[in-house]
Colleague: 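Quick one: structure below, then a few questions.
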Amino acid sequence: RGSHRTLRAVAVGPYRNALQALASSLTRFLEGALQDRSLLLLESSVLRTSLGAPPQGWHRDSNVRDERLTKIQISLQATRFTQGALEVQPGTHRSGRADETPSDSRASATGVVMAVPEGTVVVYSPSLVHRGGVHTLRLQEGSERLVLALTVMGQHALLPTGVPITLSEEDAGRWWLESGTLQERSLDRHVASVS
């Protein structure tokens, strides 16, 4: 992702209490949205975007179009428009083929920039066309954009190839959101894989 953007796995254990609070707030919504009562925490990471980051190309994070799979970004600080903010193209998760790269004509298109207050939770489909924007904002302190990035899937969802990419090895298949709680258990239920 270059020197201006880094994505690092975050082990769940040390942050279990914070993730538990998040689970109690979001689980009911996620259960309805993902059509399942058992949700696997598939990825847990922190995204850092620093001054000088160019805009990313428009892309999809997943070639799997499955409504039981979602990305969650939680802003760890207020994010301004010119701070490398997430930019999305609404509705693109339902258009075209999920495995196609966004077309050149879309490359010049504009999207909705997620300039948001600290603590804002943005939930979107991994097949939504999006990008990280340019980071030109200079602040006296703390110009980096920091986001907690999670991927959650229903237990019956199709597992995209290459996932999880940002989860500590010891956490893979271990953390589930069920009934408003973060529960630790092994991946004892079938999860289909797409190749």
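What you are looking at is a predicted structure, and each value in this text was computed from that prediction instead of being measured.
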Colleague: For Glu169, is the CD atom crowded, meaning more than 12 foreign heavy atoms sit under 6.0 Å from it?
Modeller: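 Result for CD/Glu169: open.
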Colleague: Does any non-hydrogen side-chain atom of Thr70 lie less than 4.5 Å from one of Leu30?
Modeller: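 SC-SC contact between Leu30 and Thr70 confirmed.
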Colleague: Using the rule that Ile, Leu, Val, Met, Phe, Trp and Tyr join whenever any side-chain heavy atoms are under 4.5 Å apart, tell me whether Trp175 and Val10 fall into a single cluster.
Modeller: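 Yes, because Trp175 and Val10 connect within a single hydrophobic cluster, where side-chain heavy atoms sit under 4.5 Å apart.
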Colleague: Do Val121 and Val147 share a hydrophobic cluster (ILVMFWY, side-chain heavy atoms under 4.5 Å, transitive)?
Modeller: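 Looking at the clustering, Val147 is in a separate group from Val121.
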Colleague: To the nearest 0.5 Å, how far apart are CG in Leu34 and CZ in Phe29?
Modeller: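 One gets 8.0 Å once the value is rounded to the nearest 0.5 Å.
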Colleague: Can you name the nearest heavy-atom pair linking His156 to Arg68, along with the distance?
Modeller: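 The answer is O-NH1, 3.0 Å.
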Colleague: Between CG of Leu76 and OG1 of Thr79, what distance do you get to the nearest 0.5 Å?
Modeller: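 The OG1 atom of Thr79 is 8.5 Å from CG of Leu76, to the nearest 0.5 Å.
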Colleague: Decide whether Leu41 and Val46 are clustered together by the hydrophobic rule: side chain heavy atoms of Ile, Leu, Val, Met, Phe, Trp, Tyr closer than 4.5 Å, transitively.
Modeller: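 Per the 4.5 Å side-chain linkage, Leu41 and Val46 are co-clustered.
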Colleague: Going hydrophobic residue to hydrophobic residue with side-chain gaps under 4.5 angstrom, can you get from Tyr15 over to Ile72?
Modeller: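 As far as the 4.5 Å side-chain criterion goes, Ile72 and Tyr15 are connected within one cluster.
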Colleague: May I ask whether Leu146 and Leu148 are part of the same hydrophobic cluster, defined by side-chain heavy atoms of I, L, V, M, F, W, Y residues being less than 4.5 angstrom apart, directly or through others?
Modeller: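 Hydrophobic grouping puts Leu146 with Leu148.
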Colleague: Kindly indicate whether the side chain of His135, heavy atoms from C-beta on, has any atom under 4.5 Å from the side chain of Arg5.
Modeller: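 The answer is no; the side chains never approach within 4.5 Å.
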Colleague: Is there a side-chain contact between Glu87 and Val113, using heavy atoms and a 4.5 Å cut-off?
Modeller: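 The answer is yes; the side chains approach within 4.5 Å.
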Colleague: Hey, could you give me the CG/OG1 distance between Leu177 and Thr27, rounded to the nearest 0.5 Å?
Modeller: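 If I round to the nearest 0.5 Å, the distance is 4.0 Å.
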Colleague: Where the side chain of Asp171 meets the backbone of Val12, is there a donor-acceptor pair that is under 3.5 Å apart?
Modeller: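 Side chain of Asp171 to backbone of Val12: a pair is present.
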Colleague: Just how far is it from atom CG of Leu167 to atom CG of Leu150, taken to the nearest 0.5 Å?
Modeller: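 Answer for the CG-CG pair, Leu167 versus Leu150, is 10.0 Å.
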Colleague: What residues form a side chain to side chain donor-acceptor pair (under 3.5 Å) with His130, not counting sequence neighbours?
Modeller: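 With sequence neighbours excluded, His130 shows a side chain to side chain donor-acceptor pair (under 3.5 Å) to His59, Asp61, given in chain and number order.
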Colleague: Counting only heavy atoms not in Arg28, do more than 12 sit closer than 6.0 Å to its CZ atom?
Modeller: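 For Arg28, atom CZ is not crowded (no more than 12 foreign heavy atoms under 6.0 Å).
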Colleague: With a 4.5 Å limit on heavy-atom distance, are the side chains of Thr151 and Leu69 in contact?
Modeller: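 Yes, their side chains come closer than 4.5 Å.
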Colleague: Tell me if a side-chain donor or acceptor on Arg60 pairs with a main-chain N or O of Thr92 at a distance below 3.5 Å.
Modeller: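 Such a contact is found between Arg60 side chain and Thr92 backbone.
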Colleague: When you check the gap from the basic side-chain N to the acidic O, do Arg185 and Glu178 get nearer than 4.0 Å?
Modeller: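 So Arg185 pairs with Glu178 through a salt bridge.
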Colleague: Could I get the full list of side chain to side chain contact (heavy atoms under 4.5 Å, CB included) partners for Thr181, not counting sequence neighbours?
Modeller: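 By the side chain to side chain contact (heavy atoms under 4.5 Å, CB included) rule, Thr181 matches Gln20, Gln183.
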Colleague: State, with a plain yes or no, whether a side-chain heavy atom of Gln155 is found less than 4.5 Å away from one of Leu40.
Modeller: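 Not touching, per the 4.5 Å side-chain cut-off.
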Colleague: Going from CD on Gln89 to CG on Leu128, what distance comes out if it is rounded to the nearest 0.5 angstrom?
Modeller: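 Result: 8.0 Å between the selected atoms.
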Colleague: With a 4.5 Å heavy-atom cut-off, do Leu137 and Ser143 have their side chains touching?
Modeller: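 Side-chain contact under 4.5 Å: no.
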Colleague: Got a second to check how far Leu86's CG is from Ser75's OG, nearest 0.5 Å?
Modeller: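 So the CG of Leu86 and the OG of Ser75 are separated by 8.5 Å.
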Colleague: On a heavy-atom basis, which atom in His4 and which in Pro54 lie closest, and how many Å separate them?
Modeller: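 Smallest heavy-atom distance, with atoms named: CD2-CD, 4.4 Å.
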Colleague: Assess, by modelled atom type and distance only, whether the side chains of Ser50 and Arg48 contain a donor and an acceptor separated by less than 3.5 Å.
Modeller: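 Indeed, the side chains of Ser50 and Arg48 share at least one donor-acceptor pair under 3.5 Å.
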Colleague: Answer whether the closest heavy-atom distance between the side chains of Met114 and Val88 falls below 4.5 Å.
Modeller: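 Counting from C-beta outward, Met114 and Val88 do come under 4.5 Å.
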Colleague: Using the side chain to side chain donor-acceptor pair (under 3.5 Å) criterion, which residues pair with Ser125? Sequence neighbours excluded.
Modeller: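 Checked Ser125 against side chain to side chain donor-acceptor pair (under 3.5 Å); matches are Ser127.
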Colleague: Which heavy atom of Ala11 sits nearest a heavy atom of Ser168, and at what distance?
Modeller: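 Between these two residues, the closest heavy atoms are CA-OG, 3.7 Å.
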Colleague: Using a distance-only test with no angle check, is there a side-chain donor-acceptor pair under 3.5 angstrom linking Thr166 and Glu43?
Modeller: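 There is such a pair (donor and acceptor under 3.5 Å, judged by atom type) between the side chains of Thr166 and Glu43.
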Colleague: So Thr6 and Leu47, do their side chains get closer than 4.5 Å, heavy atoms only?
Modeller: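 The answer is no; the side chains never approach within 4.5 Å.
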